[in-house]
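Pasting a structure here, questions to come.
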Amino acid sequence: MRYLILSDIHANLTALEVALAATEGRWDRAVCLGDVVGYGPDPNEVIDKVQKLVVACIRGNHDKASCGLDSAEDFNPVAKRAALWTREQLRPENLTYLQNLPQGPMEVDGISLMHGAWQDEDEYVFSPAQALDGLLGAPTAVSFFGHTHFQGGFSFVDNTLEVISLRPAPGNNLAALQINPKTRYLLNPGSIGQPRDGDPRAAFAVADLEHGVVEFWRVPYDIEAVQLRMTEAGLPEPLVMRLSYGR
Ligand code: ZN
């Protein structure tokens with residue numbers, strides 16, 4: 001079974017559609033690690049699509065804030081404005097969809113899914129020290145997380161924790177990671193809708209654990225079209241600008 005691993009789509013329909021077109025026929029089941037909405041201009045369209053697409057989706061902090069499960073008090077002003085804008089746009093059934101998204105971690109077919117850290121869905125995992133709990137605590141050898149919008153991850157074998165910074169080079173759509181059966185992995189597919197690792201292309205992963213391969217993908221999309229919809233919607237300028245830089 002091949003899995004399409006999506007995370008942090010952030011209401012960016014253009015980026016999601018390009019990712020799906022690029023990987024047509026290359027996966028069997030799709031999962032989502034949360035932050036379906038927030039920041040981007042297409043919350044209803046993205047929820048409609050994700051609902052039909054995935055076998056499992058856990059909630060992210062922006063999903064909680066956008067559907068009123070969280071007050072967004074700890075969000076920065078720009079993120080909070082986007083969350084409140086999203087809440088106003090959501091059709092009632094899509095508000096309910098977000099409210100009912102399960103909390104991670106969740107296990108699907110022997111793969112653990114989490115939005116943030118293993119022990120706390122809202123905690124960021126940037127450093128090896130922050131990754132250790134997930135690497136050791138998850139019941140599965142391979143786990144995926146999101147939240148940071150940084151593609152890559154961590155591996156652990158023989159008491160050695162290593163950072164995986166494998167990403168597709170400019171001009172390449174994918175970089176393949178060989179999975180060692182004795183090694184534990186905590187992997188981040190990156191963000192579809194708002195990458196922050198310096199590469200503005202939409203990021204995601206395709207995992208084929210039967211054949212021991214995880215592909216990290218990057219695909220270019222029409223960023224200006226998304227920025228135009230954001231500006232027309234009155235979403236904050238810094239959110240519009242950062243899509244150009246992927247930071
Ligand atoms: Zn996010």
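Ligands are counted one by one from 1 in listed order, and the atoms in each one are counted from 1 as well. Note that these values count all heavy atoms, side chains included, but never hydrogens, waters or copies made by symmetry.
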- Side-chain ion pair, Arg29 and Asp109, N-O less than 4.0 Å: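 A salt bridge links Arg29 with Asp109.
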- Task: Could you tell me which residues satisfy salt bridge (charged side-chain N to carboxylate O under 4.0 Å, His left out) with Asp70, sequence neighbours excluded, listed by chain and number?
- Result: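 Result, salt bridge (charged side-chain N to carboxylate O under 4.0 Å, His left out) vs Asp70: none returned.
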- Protein N/O/S atoms under 2.8 Å of the Zn ion (ligand 1)?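 Listed by chain and number: Asp8 OD1, His10 NE2, Asp35 OD2, His149 NE2.
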- Item | Lys/Arg-Asp/Glu bridge criterion (N-O < 4.0 Å) met for Arg91, Asp48 |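 Looking at Asp48 together with Arg91, the answer is yes, because their closest N to O distance falls below 4.0 Å.
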- Any residue meeting ring-ring contact (aromatic ring centres under 6.0 Å, His included) with Tyr97, in chain and number order, not counting sequence neighbours: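 Residues passing ring-ring contact (aromatic ring centres under 6.0 Å, His included) with Tyr97: none at all.
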- Task: May I ask you to decide whether Arg167 forms a salt bridge with Asp199, counting only side-chain N to carboxylate O separations under 4.0 Å?
- Result: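 No, this pair does not count.
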- Query: Can you name the residues that form a salt bridge (charged side-chain N to carboxylate O under 4.0 Å, His left out) with Arg247, not counting sequence neighbours?
  - Reply: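 Salt bridge (charged side-chain N to carboxylate O under 4.0 Å, His left out) list for Arg247, sorted by chain: empty.
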